[in-house]
Protein chains: 2
Amino acid sequence: MPRRPRVTPEQILDAATREFAERGFAGARVDRIARRAGVNKAMLYYHFRSKQTLYRRLLRRAFSQAGARIQRIADSDAPPFEQLDRVVALFADLIGEQRFFPAIMLREVAEGGAHLDVETLGLLAAVPGAFGRIVARGIAAGEFRDVNPLFAYFSMMSPIVFFLCAAPIRRELGARRLASPDIRNVAAFVSHVQANMRRVLAPDGAAGPRSTT
Amino acid sequence: MPRRPRVTPEQILDAATREFAERGFAGARVDRIARRAGVNKAMLYYHFRSKQTLYRRLLRRAFSQAGARIQRIADSDAPPFEQLDRVVALFADLIGEQRFFPAIMLREVAEGGAHLDVETLGLLAAVPGAFGRIVARGIAAGEFRDVNPLFAYFSMMSPIVFFLCAAPIRRELGARRLASPDIRNVAAFVSHVQANMRRVLAPDGAAGPRSTT
DNA sequence: GTCTATACTTCGATAGAC
DNA sequence: GTCTATCGAAGTATAGAC
């Protein structure tokens with residue numbers, strides 16, 4: 001029975017996520033990823049053919065997880081407005097669990113998806129896809145007003161990702177008294193986005209239901 | 001009377017904006033910036049001390065312009081909901097004019113502001129600052145409901161920046177039939193965000209005014 | 001599977017002539 | 001102000017022993 005390797009590829013992916021998040025694809029150093037994961041460079045290249053392979057593998061892992069969990073909400077029999085609240089909270093949770101991943105998303109968007117291959121693109125597309133099904137179902141049920149599901153996706157996801165990623169800059173601005181320092185509260189912002197989305201999707205003339213939490 | 005230099009520092013800044021947007025700070029190549037601007041590397045280093053100096057200078061230029069133009073809207077005597085519509089449209093316009101800048105913003109946020117010095121941070125902070133004054137004035141006038149102005153800023157700015165930056169990826173997904181290909185319409189998305197913000201800021205019980213355009 | 005040592009390349013920055 | 005040539009540092013990737 002073979003002994004479990006001391007450092008698993010999984011741990012290398014974790015270290016790489018952090019490095020790519022902090023420095024970007026070009027700025028990431030394979031040396032540093034290896035050191036952070038507790039392996040040497042040769043070991044890393046043994047498990048992953050190249051820096052790019054490593055990068056794509058961690059993207060696929062994160063997109064798969066996110067897509068599956070959103071789809072689970074879509075498949076639940078909760079009413080549309082509750083699914084909406086839940087999916088907003090899920091995004092914040094995902095970021096809490098994978099603290100370094102959203103920065104990678106931001107960079108990849110900025111780069112125009114330069115490092116994405118077809119398989120990774122497919123997994124990425126499943127995320128707005130699953131969200132879109134929630135919105136479409138709400139519209140079909142007459143609970144949501146008729147909006148473009150992809151527009152709704154961007155209106156929901158972008159503020160969450162942006163606000164949470166910008167935490168270090170907001171902290172810096174607060175410390176230097178360039179902005180009010182009291183708005184670091186992530187939970188408050190998540191509630192704000194939930195309230196926004198209820199208003200955005202409420203049918204004309206209705207104020208939309210209050211929080212379901 | 002001295003002859004105007006063939007290539008002005010201004011042109012170098014433009015070339016650098018594009019290069020930094022496409023490749024990020026670490027991925028940007030000084031050689032390429034020089035070539036794109038039509039100067040040689042030594043000339044570039046003559047005008048700008050280092051890669052980092054160049055980078056900060058272009059950030060300051062863009063933040064100053066954006067901050068000033070938002071403040072101009074805030075200083076106008078247009079009613080709050082119209083100022084809101086205008087500032088959303090302004091963001092889209094700014095991106096149209098400085099097509100490559102938002103990608104730099106996205107990356108800088110992802111990086112936690114690692115390349116920003118105090119002066120640049122100050123100019124950056126003026127952007128949400130000016131927007132916040134529009135919101136605060138609307139709240140004081142009883143036209144907007146009471147929301148955190150910075151929350152409102154992120155709710156407005158993030159979708160615009162994200163959606164426009166993601167255009168290449170959306171195009172790619174459409175071409176590969178991984179997503180519906182028909183949603184490239186920037187103008188439609190801007191209208192969507194304007195409508196969203198009116199709903200977000202409308203006082204409780206009111207549906208908020210219709211479009212003012 | 002694990003490691004050390006290193007080959008090969010690229011890049012930021014500068015020297016120094018004009 | 002403008003240019004050519006180049007230095008030195010740092011990076012990805014691999015060779016080859018164990």
Side-chain angles (χ1 to χ4, degrees), chain A residues 1-59 103-104 107-108 110-111 114-117 120, chain B residues 1-60 104 107-108 110-111 114-117 120:
Chain A
M1 196 164 173
R3 195 160 43 95
R4 159 90 73 78
R6 270 182 291 159
V7 175
T8 68
E10 205 70 7
Q11 288 170 276
I12 296 176
L13 283 181
D14 289 336
T17 303
R18 179 158 186 171
E19 175 73 7
F20 282 120
E22 288 175 355
R23 319 247 180 182
F25 184 82
R29 297 295 164 239
V30 178
D31 279 289
R32 249 193 314 252
I33 296 174
R35 187 158 33 82
R36 280 178 158 171
V39 299
N40 58 62
K41 240 191 320 188
M43 198 67 250
L44 188 152
Y45 278 103
Y46 172 80
H47 283 297
F48 304 91
R49 193 171 317 209
S50 68
K51 186 182 180 180
Q52 196 179 62
T53 306
L54 177 59
Y55 184 69
R56 286 177 179 165
R57 287 271 276 276
L58 72 87
L59 285 182
I104 297 182
R107 290 182 196 273
E108 202 48 53
E111 213 126 333
H115 305 101
L116 306 180
D117 57 352
T120 312
Chain B
M1 197 164 172
R3 196 162 41 95
R4 159 90 71 77
R6 272 182 290 159
V7 175
T8 68
E10 206 68 8
Q11 287 171 278
I12 297 177
L13 283 180
D14 289 337
T17 303
R18 180 159 187 171
E19 174 74 7
F20 282 122
E22 288 175 355
R23 320 248 181 182
F25 184 83
R29 297 296 163 239
V30 177
D31 279 290
R32 246 191 318 250
I33 296 174
R35 186 158 34 81
R36 281 178 158 172
V39 298
N40 58 63
K41 236 192 322 186
M43 199 66 251
L44 188 152
Y45 277 102
Y46 172 80
H47 284 297
F48 304 92
R49 194 171 316 210
S50 68
K51 187 181 181 182
Q52 196 180 61
T53 305
L54 177 58
Y55 185 68
R56 286 177 178 166
R57 287 271 277 275
L58 72 87
L59 285 182
R60 287 177 201 163
I104 297 182
R107 290 181 196 272
E108 201 48 53
E111 214 127 334
H115 305 102
L116 306 180
D117 58 351
T120 312

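So you know, we letter chains A, B, ... as the sequences are listed, proteins then strands, and number each from 1.
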When the distance from [atom1] of [X] to [atom2] of [N] is rounded to whole Å, what number comes out?
X      : N       : atom1 : atom2 : value
F48(A) : dT14(D) : CZ    : C1'   : 18 Å
L44(B) : dC3(D)  : CG    : P     : 12 Å
Y46(B) : dA13(C) : OH    : P     : 18 Å
Y55(B) : dA13(C) : OH    : P     : 15 Å
K51(A) : dG11(D) : NZ    : C1'   : 8 Å
M43(B) : dC18(C) : CE    : P     : 18 Å

What pairs of nitrogen or oxygen atoms, one from the protein and one from nucleotides 14-17 of chain C, lie under 3.5 Å apart?
none

### Query
Quick one: are R29(B) and K51(B) in side-chain contact, heavy atoms under 4.5 Å?
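A side-chain contact under 4.5 Å exists here.
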### Those residues that, when tested against E111(A), pass side-chain hydrogen bond (donor to acceptor under 3.5 Å, both in side chains) (two or more places apart)
R107(B)
### R18(B): partners by side-chain hydrogen bond (donor to acceptor under 3.5 Å, both in side chains), with sequence neighbours left out
E22(B)
### Query
By ring pair (Phe, Tyr, Trp, His ring centres under 6.0 Å), which residues pair with Y55(B), not counting sequence neighbours?
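Ring pair (Phe, Tyr, Trp, His ring centres under 6.0 Å) list for Y55(B), sorted by chain: F20(B), F25(B), H115(B).
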Contacts of [X] that satisfy salt bridge (charged side-chain N to carboxylate O under 4.0 Å, His left out) - sequence neighbours left out:
X      : value
R56(B) : D117(B)
R57(B) : none
R35(B) : none

#### Entry: Contact list for residues 39-49 of chain A, test salt bridge (Lys or Arg N to Asp or Glu O under 4.0 Å), sequence neighbours left out
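Found D31(A)-K41(A).
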### Query
Of all of residues 24-40 of chain B, which get a heavy atom below 4.0 angstrom from DNA chain C, listed by number?
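Within this stretch, A28(B), R29(B), V30(B) sit under 4.0 Å of the strand.
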